Amino acid sequence: MTIDGRPLEQTASSRAVLAAYNRACGVDLTSVSALTERARGGDRTALDIFQGAWRAAARALTPYIAAFGAEVVVVGGSIAGSWDLVEPALGDGFASASSGASFELRRSEDPDQSALLGAALVASQAE
C-alpha cells in the first residue's frame with residue numbers, strides 16, 4: 001500500500017513518525033507515547049507529524065474501506081489510547097480522500113483486547 005508515491009510504512013508507522021520528529025527537532029525519542037505526550041503538551045511539531053501520519057493512513061485506507069462497503073471503522077490496540085489525537089486526523093484524512101464512502105469512525109470499547117479478538121475471529125472462521 002502506498003501514499004504519495006511511497007510505501008505507507010514510510011509515512012504512518014512508529015518508526016516513521018519517530019524518525020520524522022527526531023530529524024525535525026534534533027532529538028532521539030524512542031517511543032510513540034513520548035511523541036504523543038509532547039503533542040498533548042503543546043509541541044506543534046509533534047502534533048503535526050503524528051496527525052499527518054494518521055491523515056495519510058486514512059487517505060491510503062479509504063479506497064479499501066469504500067470497496068468493502070464498511071459502515072463502521074473501529075480503531076483498537078495501543079493507538080486507541082491516543083484517540084484524542086488520532087480521531088481528528090483520521091476524520092480529516094477520510095474526508096479529504098473524497099471516496100463518497102460514508103462510515104462511522106469509532107474507538108474500540110476494549111482497545112487492549114481488539115487485536116486478540118480479531119485474531120480469534122479469523123482463526124475460528126478458518127476451521
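Being a predicted model, the structure only gives us computed values, none of them experimental.
- Looking only at side-chain heavy atoms (C-beta outward), Glu37 and Asp43 stay at 4.5 Å or farther from each other.
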- Yes or no on side chain to side chain donor-acceptor pair (under 3.5 Å) for Thr11 and Arg6, after CA distance, side-chain angles and deciding distance? CA-CA 8 Å; Thr11 301; Arg6 299 175 9 176; 3.2 Å; yes

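- In this structure, Ile79 and Trp54 have side chains that are in contact, with non-hydrogen atoms separated by less than 4.5 Å.
- Taking each heavy atom of Ala57 and Ala12 in turn, the nearest pair found is CB-CB, 4.0 Å.
- A side-chain donor-acceptor contact under 3.5 Å links Ser13 to the backbone of Ala16.
- Separation of atoms CD1 (Ile49) and CZ (Arg23) is listed at 8.0 Å; rounding is to 0.5 Å.
- Note: the hydrophobic cluster containing Phe68 does not contain Val73 (ILVMFWY, side chain heavy atoms under 4.5 Å, direct or indirect links).
- Asn22 contributes a side-chain N or O that, together with a main-chain N or O of Leu29, makes up a donor-acceptor pair within less than 3.5 Å.
- Arg107 places a side-chain N or O within 3.5 Å of a backbone atom of Ala80 that can act as its donor or acceptor partner.
- For the pair Arg40 and Leu85, the minimum side-chain heavy-atom distance is below 4.5 Å.
- Contact check for Leu35 versus Val17: side-chain heavy atoms found under the 4.5 Å cut-off.
- With a 4.5 Å cut-off on side-chain heavy atoms, Leu8 and Thr2 do not count as touching.
- Ring centroid separation for the pair Phe94 and Phe103 comes in under the 6.0 Å cut-off.
- Around the CD atom of Glu104, the shell of radius 6.0 Å holds more than 12 heavy atoms that belong to other residues, nucleotides or ligands.
- Considering only heavy atoms from C-beta on, Met1 comes within 4.5 Å of Tyr64 through its side chain.
- Contact check for Ser96 versus Arg59: side-chain heavy atoms found under the 4.5 Å cut-off.
- Using a 4.5 Å heavy-atom cutoff, the side chains of Ile3 and Gln10 are not in contact.
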